[in-house]
Amino acid sequence: MAESRSTQNATTRQDGGDQRSARTGSISRPTRRRFPGLPSQISYARRFVARHLAESPELTTATLLTSELATNAIRHSASGCTTGKFEVCVRLAPGWARVEVRDLGSTTEAPSPQHRDPYDTAEHGRGLDLVEALSSKWGTEPRRDGRGRQVWFELEWDGDDRS
């Protein structure tokens, strides 16, 4: 199972691993939206996340990482097939956000960063490297419904009183 700066417990818990809720008690109810598995839908997924993190200093990072995970969902899973779909889920608490991208990918093989050489000029293969580098935590786990996986990242920042 792939993970970065994340405890094993956080990536394997079936409830999505929201450790922040235990600390603050003020995590928002998750907001979800399902998208057709088409490349044109990636920009809509970014806008969906941007609307929920509009006041966050991590807005740009959140939309970039959402774009990377949505791209992976349609490029590397059955979500990108003719009738495929992917789902984006956003959870918020003061100074914290978690974004999950749920796809129809393998439940036995976890995606992992490529750790490419910085001088490598390949156009693809750096999405999870970005997620690993820019997020506070990230991970992957099977979906609770057993129909694929979810890849998630968390961002933390100071000075946010929103809930």
Where do Val99 and Leu65 land on the side-chain contact (heavy atoms from CB on, under 4.5 Å) test, with the steps shown first? CA-CA 9 Å; Val99 176; Leu65 299 185; over 6 Å; no

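The aromatic rings of Phe35 and Phe48 sit perpendicular to each other, their planes meeting at more than 60°, with 30° as the lower class boundary.
Annotation for Arg143 and Asp145: closest pair NH2-OD2, 2.6 Å, computed over non-hydrogen atoms. Minimum heavy-atom separation, Leu53 to Ala62: CD2-CB, 3.6 Å. Contact record, Phe86 with Gly37: CD2-CA, 4.2 Å, taken as the closest heavy-atom pair. Considering all non-hydrogen atoms of both residues, Ala73 and Val101 come closest at CB-CG1, 4.1 Å.
Under a 3.5 Å cut-off, the side chain of Arg147 and the backbone N or O of Leu104 do not form any donor-acceptor pair. Side-chain atoms of Ser79 do not come within 3.5 Å of backbone N or O of Gly84 as any donor-acceptor pair. A donor-acceptor pair is defined here as one N or O able to donate and one able to accept, closer than 3.5 Å; no such pair exists between the side chain of Thr63 and the backbone of Ala50.
Within the 4.5 Å cutoff, side-chain heavy atoms of Ile42 are placed close to those of Ile74. With contacts defined as side-chain heavy-atom distances shorter than 4.5 Å, the pair Glu100/Leu69 does not qualify. Residues Leu155 and Ser135 have side chains in contact (heavy-atom distance under 4.5 Å, counting atoms from C-beta outward).
The number of heavy atoms from other shown groups lying within 6.0 Å of CZ (Arg32) is above 12.
Put simply, the residue from Glu156, Glu154, Glu58 that forms a side chain to side chain donor-acceptor pair (under 3.5 Å) with Trp96 is Glu154. Of the candidates Val151, Leu130, Leu134, Leu130 is the only one forming a side chain to side chain contact (heavy atoms under 4.5 Å, CB included) with Glu68.
Between atom OG of residue Ser28 and atom NE2 of residue His52 there is a gap of 9.0 Å, rounded to the nearest 0.5 Å. Rounding to the nearest 0.5 Å gives a distance of 6.5 Å between CZ of Arg33 and CZ of Arg51. Distance CG/Leu128 to NE2/His76: 8.0 Å, rounded to 0.5 Å. With rounding to the nearest 0.5 Å, the separation of CD in Glu141 from CZ in Arg102 is 8.5 Å. Atoms CZ and CZ, from Phe153 and Arg98 in turn, are 10.5 Å apart once rounded to the nearest 0.5 Å. The CG atom of Asn72 lies 8.5 Å from the CG atom of Asp103; values are rounded to the nearest 0.5 Å.
Under a hydrophobic clustering in which Ile, Leu, Val, Met, Phe, Trp and Tyr are joined whenever their side-chain heavy atoms come within less than 4.5 Å, directly or via other members, Leu38 and Tyr44 fall into different clusters.
Side-chain atoms of Thr140 and Arg149 include no donor-acceptor pair closer than 3.5 Å.
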